[in-house]
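Convention: sequence-line order gives letters A, B, ...; per-chain numbering from 1. The figures here come from the full heavy-atom set of this structure, side chains too, leaving out hydrogens, waters and symmetry mates. Small disclaimer: the values here were computed from a predicted structure and weren't measured.
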Amino acid sequence: MARPFDVAAIEEKWQARWLDDGTYEVDNDDPRERFYALCMYPYPSGAAHQGHIRNYTFGDLIVRYQTMKGKAVLSPFGFDSFGLPAENAAIKAGSHPRLFTDARMKELKSSVRRLGAVYDWRREVFSHDPGYMKWAQTIFLAFWKAGLAYRAEAPVNWCPGCATVLANEQVNPDGTCDRSGDLVERKNLEQWFFKITDYAEELLSDVDALEWPERVKTMQRNWIGRSEGVEFALALASDPSRGLRVFTTRPDTGFGVTYAVVAPEHPLLDELTSDAQRDAVQALVERATSASELERTSSSDAGEGLEKRGAFTGSYVINPFTNEPVPVYVADYVLGTYGTGAIMAVPAEDERDFAFARVHGLPVVRTVEPPADFEGGAFSGDGPHINSGFLDGLDTTSAKIKATEFLVANAQGEAKVNFRLRDWLVSRQRFWGCPIPVVYCDVHGIVAVPEDQLPVVAPDDVTMDKSGQSPLATHEGFRTTTCPVCGGPARRETDTMDTFTDSSWYFLRYADPFTPDKAFDPVEVAKWMPVDQYIGGIEHAILHLLYARFYMKALVDVGLAPGLPREPFRRLFTQGMIRLDGAKMSKSKGNLIAPEKYYETVGADGLRLFHLFVGPPADDVDWTSQTEELIEGCGRFLDRFYRLCDEHEVNFHDPFDESDLAVRHAVHRTVQRVSDDFERWSYNTAVAAIMELLNTVSKWARSEHGADKKTFDEAIETMLKMLAPMSPHIVAEIWERRFPGQSSVHEQSWPVADPALVREETVTMVVQLNGKVRARLEVATTLSESDAAELALGAPEIAHDLVGATVKRVVARPPRLVNIIV
RNA sequence: GUCGGAGUGGCGGAAUAGGCAGACGCGCCAGCUUGAGGGGCUGGUGCCCUUAGGGGCGUGCGGGUUCAAGUCCCGCCUCCGACACCA
């Protein structure tokens, strides 16, 4: 396509200027109102693809728009530069992950520059910078000293492919590794954890006030998974002084407990198992613990269809409500990691228990009366209680209260809240991450590396392979050290931290990257936090966002962030992803569409406009053959705009007349629309509004009748300003030619609509006959109801249709519509 | 299965408070620009019937409320996403 201007030259010129002039650098003591705009910390995977382009287009639009609105906008950039891909690539090439990472950071950096996205590069942060690691480790130690980090042996998710443990959040529902897709195994290992569960309640309740997409909030709530109930003891029939502790949310159904179940991992299982049942129990346990999660859950895609495998232990416990003994089973449908790892089973009111009872021939006793037309097994709804002694006749809510009181008094019960959320496993047996800064001394145990020795940095000459242990553990020089307390022999921790720790506080360092003696100065950071607009992909709805929220609260509590808000991200926007042939576009899938070819044709300006115009920002974009043509169309729009600004085909007339006034109206109405659309993330309609205005102005100015020069200039000037955050290069170029020597369009104020010009004097009123449009009248906006009705009835088309008919009713809604019912 | 979100022309999508369905763009058609056009400009373009004027239908499906429903209510269907034995 022949463009009327040199795209590449213009874009390069302005990109260089924004960078050289430090146009978007901002100081912490800036007196203007502040705005913190942030795109999620990117993993440096190389040159940007369309997903990045889309993300940074939105981010840059906000930065430029808020700047024009007169705010001091913090727009930082950096890299989540630790992580597996670089390490795996290094193993493959026999190289060092830093080489890959540095090269890819450079690529991504040049990509965002090529897009015309602007940042305060003085604030750049990246995870493998020793200057950043030092504070990452300081924070770790602060958490440890505050009891928020601890070491424990735990059954962990072990990925054989990645040769490391994974957080629960990194294991797919089908039991495979989120990264490699390998089946995850269970292993018992000593690991570091963060006590995120201490914050479960606050993490849950604070979700309500966040201006986040509802579905992200829902996902967070579900992940935390709060449930209220009672924990109590089922007395062992063999020794009633001892009990099997269980958790239930339905104490009201206690009279219906016909058996109990313990998880295969339950500590009391061995004791509960009788000799006669030992073989059966053993078989069940072996199958359950060796089976991967996949095998355990793959028999069906619906919970109720799952095979209910279990075995009788040979023991009985006493139902405290009935005082009857009930059998204890071991079954893999009870999880060792939730609640107490044991349950009371109520087959009549719980589907899973019902399914199990059916398979194993256990009795079902209804304690809640189901509706008359109820068909099916378990009824988990509300209803009057039956077969329930002192609970008979009560509804679920009152029965729960009474049953809880009973259990507290008679079965060592206590009301309890359980969470699905587990503590965050943060150690990784990998090389390319931030080392955990502790030392193990035979005398003093776990000892923190003293602050003046931070950061602990991994040596370069480490062998990385997939042997299954931490690469750092194989490096004697690193591993062997002395105890900071006694000077005796000690060994270093050789695990590194989960990279999600790096992305949990980077936004604080951005706000104050200059402080040399601490992670950040809370006074400086308070000037920017919380982030006003956070932008990123929906894939981080749980992991990153939950961890960062936890960090923020924990940092305040351990004293590193006094006075800072406990929630880091006030507003969140999750953009849709780009799909190619139905699959998400990503480097790992290898289905990328590189932006370069579009830079050559429509330029960064055209590509940005496309991403804004293609549809609602939150929606996914399907990249199809038609997409190319859409992008061309966006380029053509910019061409048309450029040519109009040239004024070659424009005619001018002198006295200002009605046609000019109409254009002024259109200009101001468009300003109104675009401003509103910007505020509500409706960029596609904002672009449409400007396209419409260009069509109007173009037709008017190139007509024989011509345009008033002042009105024309106002229209062009206003369009330039409105397009500035969208397609910043060409707009800056045109502005400079029209206003040589003046400050850039990007330093102008965002246009404000004149209310008098937004208001219309006349409008088209629709006249309907029985709801069908029969006439259109041009009327004054101030038209009264009675005048509207009169006008409508008098309209020639209507009068004709009304001959011989009786008007039953006239609904007048001036000035838009009148509906005549006959 | 549960919880979210969505379903509108050939396509991406618009309709912000119940009031003209289809803005804007892509594609397509016609005309002009006439050396041709992958450029530019002008006009047309939901579907069906009709020679015309005009008429009918139309926002996943079926009901309902209303003068008026893409929008509100009830019941379904389909697709996408999250969770998925969490007691």
With [atom1] as the reference atom in both, quote the distance from [N] to [M] in angstrom, rounded to an integer.
N: G37(B); M: C32(B); atom1: C1'; result: 14 Å
N: G19(B); M: G70(B); atom1: P; result: 10 Å
N: C76(B); M: U2(B); atom1: P; result: 11 Å
N: G56(B); M: A6(B); atom1: P; result: 34 Å
N: G31(B); M: C11(B); atom1: C1'; result: 25 Å
N: G62(B); M: G12(B); atom1: P; result: 23 Å
N: C47(B); M: U33(B); atom1: C1'; result: 34 Å
N: G38(B); M: C26(B); atom1: C1'; result: 16 Å

Taking any heavy-atom pair under 4.0 Å as a contact, classify [X]: base, sugar-phosphate, or nothing.
X: Ile821(A); result: sugar-phosphate
X: Ser227(A); result: sugar-phosphate
X: Glu629(A); result: sugar-phosphate
X: Asn695(A); result: sugar-phosphate
X: Arg680(A); result: base
X: Lys416(A); result: nothing
X: Lys772(A); result: sugar-phosphate

Measure the distance from CZ on Arg702(A) to P on C41(B) and round it to the nearest whole Å.
6 Å
Could you tell me the separation between the NZ atom of Lys808(A) and the P atom of C67(B), rounded to a whole number of Å?
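That distance rounds to 12 Å.
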Is it true that [X] and [Y] make a salt bridge, defined as a side-chain N closer than 4.0 Å to a carboxylate O?
X: Glu214(A); Y: Arg221(A); result: yes
X: Lys400(A); Y: Asp252(A); result: no
X: Arg245(A); Y: Glu231(A); result: yes
X: Glu628(A); Y: Lys597(A); result: yes

Please check the phosphate of [N] (OP1 and OP2 only) for any side-chain N or O of [X] closer than 4.0 Å.
X: Arg816(A); N: A68(B); answer: no
X: Asn684(A); N: G25(B); answer: no
X: Arg809(A); N: C67(B); answer: yes
X: Arg420(A); N: A84(B); answer: yes
X: Arg221(A); N: A82(B); answer: no

Of the listed nucleotides C24(B), C20(B), A84(B), the one nearest the side chain of Ala688(A)
C24(B)
Arg215(A) side chain: which of G10(B), A87(B), G81(B) is closest?
G81(B)
Quick check on the 6.0 Å ring-centre criterion: do Trp223(A) and Tyr547(A) meet it?
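No; Tyr547(A) has its ring centre 6.0 Å or more from that of Trp223(A).
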Is the glycosidic torsion of A21(B) within 90° of 0, making it syn, or is it anti?
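Base orientation: anti.
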With sequence neighbours excluded, residues passing salt bridge (Lys or Arg N to Asp or Glu O under 4.0 Å) with Arg54(A):
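By the salt bridge (Lys or Arg N to Asp or Glu O under 4.0 Å) rule, Arg54(A) matches no residue at all.
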Is there a donor and acceptor pair closer than 3.5 Å between the side chain of Arg813(A) and the base of G19(B)?
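Donor-acceptor pair under 3.5 Å: yes.
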May I ask you to verify whether the side chain of Asn819(A) and the base of C67(B) hold a donor-acceptor pair under 3.5 Å?
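Yes.
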